[in-house]
Amino acid sequence: DAAGPGFARDNNRPAPYNLTANLAQIAQVLKPPKAKSIGFTFSPSTANLVKQPAGAMIQTTVGGTPVQFQYDRTTKRYNRLINGAVQHTASGVTISTPNVIVQFCSVTVYPQDVDVVGNPSQFTHTIGKGKVVVFRNGHQITGTWSRSTATAGTTLRTPGGSPINLAPGGEWVVLVATGTPLN
């Protein structure tokens, strides 16, 4: 940042919080590779959700950790819960997203990584295909996910083969072992 293109100091703030970055200018200088599709499709339309079942509460487990989200009709977002309490950032903003993707994957023991009490890590396989449940706008859409290689995007499809469109604005991807309960 020392006089680099795109970096500046805002004299109205104390250091180190006064460093600003003009990302467009930095990108022009660095000429980074173009963004690649991660495979997801987005649409603000909710017309295809009318016949989908309700999906206001999500409860599952990742490894041994309970994972919960609850839909807020006012904000049209899923709030992240821990032990039933809505989570917030340090500044008090609710941690939420318009989409939650629960992707069921094969999970195998990874014996090369063992914790201090002797428990081996688990490896989640995200190359292949499997069941997916997408939650958006208070509804759930069950379908399939597929990803052919480590550099390919993940596609989400309905049982009929149509893309499952996500609401614009972000998503949580929750990778769970095949057969894990989802309530």
Side-chain angles (χ1 to χ4, degrees), residues 1-46 58 60 62-63 65-72 74-83 85-103 105 107-108 110 112-116 119-130 132 134-137 145-157 163-176:
D1 71 330
F7 291 96
R9 295 284 177 176
D10 179 346
N11 294 328
N12 295 317
R13 298 173 167 179
Y17 309 106
N18 64 345
L19 180 62
T20 62
N22 179 327
L23 298 181
Q25 187 177 8
I26 293 168
Q28 278 184 329
V29 173
L30 295 179
K31 299 189 185 345
K34 297 282 184 198
K36 291 177 24 177
S37 170
I38 59 171
F40 298 157
T41 58
F42 297 85
S43 173
S45 174
T46 59
I58 305 163
T60 192
V62 176
T65 305
V67 177
Q68 294 180 309
F69 293 88
Q70 185 168 16
Y71 186 66
D72 180 333
T74 303
T75 63
K76 296 184 178 162
R77 297 175 68 88
Y78 286 89
N79 297 332
R80 176 69 169 101
L81 307 175
I82 296 180
N83 294 326
V86 174
Q87 298 302 290
H88 298 88
T89 64
S91 64
V93 175
T94 300
I95 298 172
S96 66
T97 183
N99 306 286
V100 177
I101 301 166
V102 179
Q103 183 175 327
C105 304
V107 177
T108 56
Y110 184 65
Q112 291 84 358
D113 186 13
V114 179
D115 70 16
V116 294
N119 299 307
S121 293
Q122 303 288 311
F123 184 83
T124 304
H125 301 270
T126 61
I127 298 170
K129 57 186 173 182
V132 71
V134 174
F135 295 84
R136 69 167 283 194
N137 297 90
W145 66 269
S146 64
R147 182 173 175 229
S148 58
T149 66
T151 58
T154 300
T155 58
L156 309 174
R157 301 220 176 263
I164 297 175
N165 292 321
L166 304 174
E171 62 282 328
W172 279 77
V173 179
V174 182
L175 303 176
V176 301

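Everything numeric in this text was worked out from a predicted model, so none of it was measured. Excluded from the calculations below are hydrogen atoms, water molecules and symmetry mates; all remaining heavy atoms, backbone and side chain alike, are included.
Taking 4.5 Å as the limit, every side-chain heavy atom of Trp172 sits out of range of all side-chain heavy atoms of Ile58. Within the 4.5 Å cutoff, the side chain of Val86 has no heavy atoms near those of the Gln70 side chain. Between Thr154 and Thr126, every side-chain heavy-atom pair lies at or beyond the 4.5 Å cut-off. When side chains are defined from C-beta on, Arg147 counts as touching Ile127, because their heavy atoms get closer than 4.5 Å. Ile26 has its side chain within reach of Phe7: a pair of non-hydrogen atoms, C-beta onward, lies under 4.5 Å apart. Thr89 places a side-chain heavy atom less than 4.5 Å from the side chain of Ile95. Between Glu171 and Phe42 there is a side-chain heavy-atom pair separated by less than 4.5 Å. Gln122 places none of its side-chain heavy atoms less than 4.5 Å from the side chain of Thr108.
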Before you tell me yes or no, could you show the steps for Leu81 and Gln87 under side chain to side chain contact (heavy atoms under 4.5 Å, CB included), namely the whole-Å CA-CA distance, both residues' side-chain angles and the distance that decides it to 0.1 Å? CA-CA 6 Å; Leu81 307 175; Gln87 298 302 290; 5.9 Å; no
For the pair Trp145 and Ile101, evaluate side chain to side chain contact (heavy atoms under 4.5 Å, CB included) and give the outcome as yes or no after the intermediate values. CA-CA 10 Å; Trp145 66 269; Ile101 301 166; over 6 Å; no
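Relative orientation of the Tyr78 and Tyr71 rings is tilted, given thresholds of 30° and 60° on the angle between their planes.
Proximity of a side-chain donor or acceptor of Thr20 to a complementary backbone N or O of Ala8 within less than 3.5 Å is detected. Formation of a donor-acceptor pair under 3.5 Å by the Thr60 side chain with backbone atoms of Val67 is not found in this model.
Within 6.0 Å of CG in Asp115 there are more than 12 heavy atoms belonging to other residues, nucleotides or ligands.
To the nearest 0.5 Å, atom CZ of residue Arg157 and atom OG1 of residue Thr41 are 7.5 Å apart.
Between the side chains of Asn165 and Ser43, not a single donor N or O lies within less than 3.5 Å of an accepting N or O. A donor-acceptor contact closer than 3.5 angstrom is absent between the side chains of Asn99 and Arg136.
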